[in-house]
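Structure, as structure tokens:
It should be emphasised that the depicted structure is a prediction, and the values quoted were computed from it without experimental measurement.
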Amino acid sequence: MVIIKSKSEIEKMKEAGRITYETLKEVSKAVKPGVTTMELDKIAEDYIRSRGCTGSFKGYGGFPGTVCASVNDTIIHGFPDNVPLKDGDIVSIDVGACFEGYHGDACRTFKVGKVDSETERLIQVTRQSFFEALKFARDGYRISDISKAVQTYVEANGFSVLRGYCGHGVGADLHEDPEVPNYVTKSRGIRLRPGMVIAVEPMICGGSEDVYVADNEWAVITRDGKNTAHYENTILITAGDPVLLTLPDGFPEVE
């Protein structure tokens with residue numbers, strides 16, 4: 001069931017989204033060669049708690065971290081660990097903050113030192129595919145319009161879209177209806193209406209979309225070993241322009 005948010009719920013989600021965004025900004029300052037994703041996880045947890053919120057991910061379905069920290073060919077659900085990041089790596093940090101029972105959810109892929117040109121392009125295409133989809137995050141459009149926009153843009157740029165995982169509604173639960181695929185399915189999906197809140201999150205593979213799940217039953221990794229990128233924001237649907245709850249400062253943003 002899709003839940004239309006009340007004004008009071010939206011205000012709480014705006015605060016959750018703001019803290020989520022600020023957490024990513026704090027984490028971004030520490031991303032460099034030699035740092036571990038466990039250290040980044042602690043930065044995120046400490047910041048979220050300092051702002052009167054709780055982390056949305058820690059303990060969710062047994063997940064151990066405050067952030068999903070997915071390095072290089074791990075596209076989503078990477079566990080924070082004590083392996084130092086290296087120059088040329090990329091790391092996707094997915095994080096959520098919960099304020100008075102309501103969640104924000106966002107992800108960015110960060111460069112560690114200097115990356116090669118193809119990896120740079122992968123990050124930029126992934127980000128832009130979100131903004132192509134945002135054009136359709138409006139009253140009256142269907143979920144499938146968002147899905148088509150991501151897939152069309154990504155594939156036109158020579159990359160592939162992860163199947164089997166998708167965006168989602170956000171609210172009092174971290175994952176609510178509707179599902180928001182990044183690729184076209186047989187379903188056109190529901191029409192968007194004011195008061196809906198959704199997370200649109202392109203998860204893009206630099207090579208094939210063929211993946212496997214690690215032994216920890218969480219991390220999703222490309223079989224060809226090529227890099228991946230992930231970009232996500234929580235979006236409020238309105239009668240006019242969509243509102244990015246996890247990008248409250250507008251442009252440009254942290255990268």
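Under the 4.5 Å side-chain heavy-atom criterion for ILVMFWY residues, a single connected hydrophobic cluster contains both Leu24 and Leu40.
A salt bridge links Glu22 with Arg18: at least one charged nitrogen is closer than 4.0 Å to a carboxylate oxygen. Lys5 has a carboxylate O that lies under 4.0 Å from a charged side-chain N of Glu176, or vice versa, which qualifies the two as a salt bridge. The pair Lys86-Asp89 meets the salt-bridge criterion, since a charged nitrogen lies less than 4.0 angstrom from a carboxylate oxygen. Between Arg138 and Asp241 there is a salt bridge, with a side-chain nitrogen of the basic residue lying less than 4.0 Å from a carboxylate oxygen of the acidic one.
Open room surrounds CG on Asp215; 12 or fewer heavy atoms of other groups in view lie less than 6.0 Å from it. At most 12 non-hydrogen atoms from other residues, nucleotides or ligands lie less than 6.0 angstrom from NZ of Lys148. Residue Glu179 places its CD atom among 12 or fewer non-hydrogen atoms of other residues, nucleotides or ligands, all under 6.0 Å distant.
Proximity of Pro84 to Val35: side-chain heavy atoms (C-beta onward) are nowhere separated by under 4.5 Å.
In this structure, OH on Tyr60 lies 7.0 Å from CG on Asp173, to the nearest 0.5 angstrom.
A centroid separation of 6.0 Å or more is found between the aromatic rings of His77 and Phe63.
At least one test fails for Arg191 against the ring of Tyr141: distance under 6.0 Å to the centre or angle within 45° of the axis.
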